[in-house]
Amino acid sequence: MFLDPTFRRAGAAALTALMLGTAPAALLAETPPDTLVIADAIDDIVSLDPHEAFEFSGTDVINNIYNGLIELDPTKPGELLPGLAESWSVADDGVTYTFKMKPGITFASGNPLRAEDAAWSLQRIVKLNKNPAFIITQFGFSPENVDQMITAEGDTLTLITDKPYAPTFLYNCLTAQVGAIVDKETVMANEVNGDLGNEWMKQNSAGTGPYVLRSYKPNESYVLDAREDYWGGAPVLKRVFMRHIPEAATQRLLLEKGDIDIAREMSTVDIEGITGNADLKVEESVGGQIYYISMNQKVEALTNPKVLDAMRWAIDYEGMASTLLKGQQKVHQAFLPSGYLGALDDTPYSLDIEKAKALLAESGVALPLKYPS
């Protein structure tokens with residue numbers, strides 16, 4: 001969940017050399033040296049409440065405003081690091097987990113972080129029951145039992161699950177953005193009609209992270225300000241300005257002019273077009289998303305395993321990746337994206353039209369299909 005104070009997100013992006021300190025000032029417009037200006041499509045944001053947000057742009061903001069009990073090491077996929085908890089353990093019964101909170105951490109409001117805030121935050125996830133709540137509720141928590149199953153005493157947080165689970169599974173789920181710990185006092189001071197501060201949290205922040213939300217204008221922009229007193233060290237960048245610019249061509253133009261520092265929605269054609277430009281750099285990393293073809297399981301013919309297998313052998317995976325997608329996507333043939341806990345990176349399928357035809361013939365399904373009216 002933790003991104004370092006230089007504000008990074010997994011995925012491909014193009015950066016102006018101004019950010020890198022190598023571009024002649026005559027070639028590029030001046031953006032403030034302590035401010036990062038990013039262009040991206042952010043109209044998918046529905047809320048900035050970490051216990052409600054469940055889309056890419058919203059979680060991007062949350063990752064830089066909040067911390068969880070446990071964090072993922074951004075340099076070593078799958079490695080867990082202490083977040084707001086300095087240590088954690090599971091009892092011999094396999095269901096009782098304890099987390100000892102780090103001392104001396106404060107929220108952006110100045111309120112001290114307490115185990116009570118952590119317990120209340122996890123209880124709030126369950127009680128709000130928004131889209132990402134299943135990540136936590138799958139461990140047996142419900143609005144009726146959560147106050148008894150998640151408790152705090154002193155500097156210790158205790159979670160009791162409904163049955164034993166692999167501890168690494170629980171720990172990894174707590175690194176998700178929904179596991180963010182929020183400032184109970186600040187949030188509840190803005191509660192309206194028993195909403196646990198949800199309406200206020202849609203456009204405000206109350207976290208322990210390196211940045212605070214200065215402003216948010218839906219479908220337009222948001223601004224994050226750095227916290228000089230951040231417990232993990234003051235961020236290098238004092239401000240992050242995100243502009244909603246979904247068009248790749250517009251982003252490229254602004255990037256080449258130096259009006260933005262990072263373009264996140266560049267097309268494969270545009271990325272290819274700026275390759276070789278000494279004033280720009282393409283930064284690549286693996287993004288947490290996949291593209292797939294789905295088959296309507298209400299159509300009986302498409303439930304046939306041989307038909308499904310035939311479709312898998314009829315796709316030119318490598319051809320698409322190397323030509324149409326110009327190397328900006330990689331072949332992945334499993335549900336979970338690479339880097340996720342439990343992800344499979346095997347790629348057993350490749351283009352084999354003859355095999356696809358044979359499987360289709362064995363299935364007995366005739367093409368084209370006749371769909372029910």
Side-chain angles (χ1 to χ4, degrees), residues 1-9 35-38 40 42-69 71 83-84 102 105-114 116-118 120-125 127-128 130-133 174-192 195-244:
M1 180 174 169
F2 173 65
L3 300 184
D4 71 25
T6 58
F7 196 92
R8 294 180 290 128
R9 183 179 76 170
T35 299
L36 183 66
V37 183
I38 307 174
D40 199 358
I42 60 171
D43 54 349
D44 59 326
I45 296 178
V46 297
S47 173
L48 294 180
D49 185 332
H51 302 156
E52 179 178 25
F54 203 41
E55 67 292 328
F56 282 110
S57 298
T59 57
D60 194 16
V61 181
I62 289 163
N63 283 336
N64 290 277
I65 294 176
Y66 297 91
N67 299 114
L69 295 168
E71 309 286 358
L84 300 180
K102 285 180 180 175
I105 295 177
T106 60
F107 289 99
S109 66
N111 292 332
L113 169 71
R114 307 163 299 171
E116 179 183 345
D117 293 293
W120 184 81
S121 295
L122 297 178
Q123 293 166 0
R124 181 177 185 268
I125 297 166
K127 293 175 181 178
L128 284 178
K130 300 294 185 178
N131 284 340
L174 289 174
T175 69
Q177 98 290 331
V178 72
I181 305 306
V182 303
D183 184 346
K184 177 182 178 180
E185 290 187 12
T186 297
V187 175
M188 288 304 289
N190 291 281
E191 182 184 39
V192 177
D195 71 346
L196 297 176
N198 176 242
E199 194 61 34
W200 181 81
M201 287 281 279
K202 289 177 184 290
Q203 298 191 31
N204 292 277
S205 64
T208 58
Y211 289 90
V212 296
L213 183 65
R214 179 183 183 183
S215 66
Y216 169 55
K217 298 178 180 179
N219 302 325
E220 184 177 328
S221 67
Y222 64 76
V223 178
L224 304 181
D225 282 344
R227 288 185 59 197
E228 295 297 326
D229 60 348
Y230 174 56
W231 61 273
V236 174
L237 295 166
K238 304 303 181 186
R239 180 167 296 165
V240 177
F241 177 30
M242 178 68 76
R243 297 174 60 184
H244 174 58

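Just the heavy atoms: all of them, side chains too, but no hydrogens, waters or symmetry mates, feed the values below.
- The side-chain hydrogen bond (donor to acceptor under 3.5 Å, both in side chains) search around D44 returns S57, not counting sequence neighbours.
- Residues L196 and E191 form a side-chain contact, since some pair of their non-hydrogen atoms from C-beta on lies under 4.5 Å apart.
- With sequence neighbours excluded, the residues that form a side chain to side chain contact (heavy atoms under 4.5 Å, CB included) with P218 are Q203, Y216.
- Scored by the side chain to side chain contact (heavy atoms under 4.5 Å, CB included) test, R214 finds V223, D225, R239 as partners (sequence neighbours excluded).
- The closest side-chain heavy-atom distance from K130 to D49 is not below 4.5 Å.
- Here N111 pairs with F107, S109, D183, E185, T186 under the side chain to side chain contact (heavy atoms under 4.5 Å, CB included) rule; sequence neighbours left out.
- When the side-chain hydrogen bond (donor to acceptor under 3.5 Å, both in side chains) test is applied to T208, the partners found at least two apart in sequence or on another chain are N67.
- The salt bridge (Lys or Arg N to Asp or Glu O under 4.0 Å) test applied to K102 returns no partner, not counting sequence neighbours.
- Residues satisfying the side chain to side chain contact (heavy atoms under 4.5 Å, CB included) test with A118, not counting sequence neighbours, are L69, M101, L157, I181.
- Listed by first and then second residue, the salt bridge (Lys or Arg N to Asp or Glu O under 4.0 Å) pairs involving residues 195-209 are E52-K202 (not counting sequence neighbours).
- Considering only heavy atoms from C-beta on, M242 stays 4.5 Å or farther from V61 through its side chain.
- The side-chain heavy atoms of N204 and N190, taken from C-beta on, include no pair separated by under 4.5 Å.
- In this structure, S121 contributes its side chain and V182 its backbone to a donor-acceptor pair below 3.5 Å.
- Taking the side-chain hydrogen bond (donor to acceptor under 3.5 Å, both in side chains) definition, one finds that K217 meets it with nothing, sequence neighbours left out.
- Remark: side-chain polar atoms of D43 are not paired, donor with acceptor, to backbone N or O of N219 under 3.5 angstrom.
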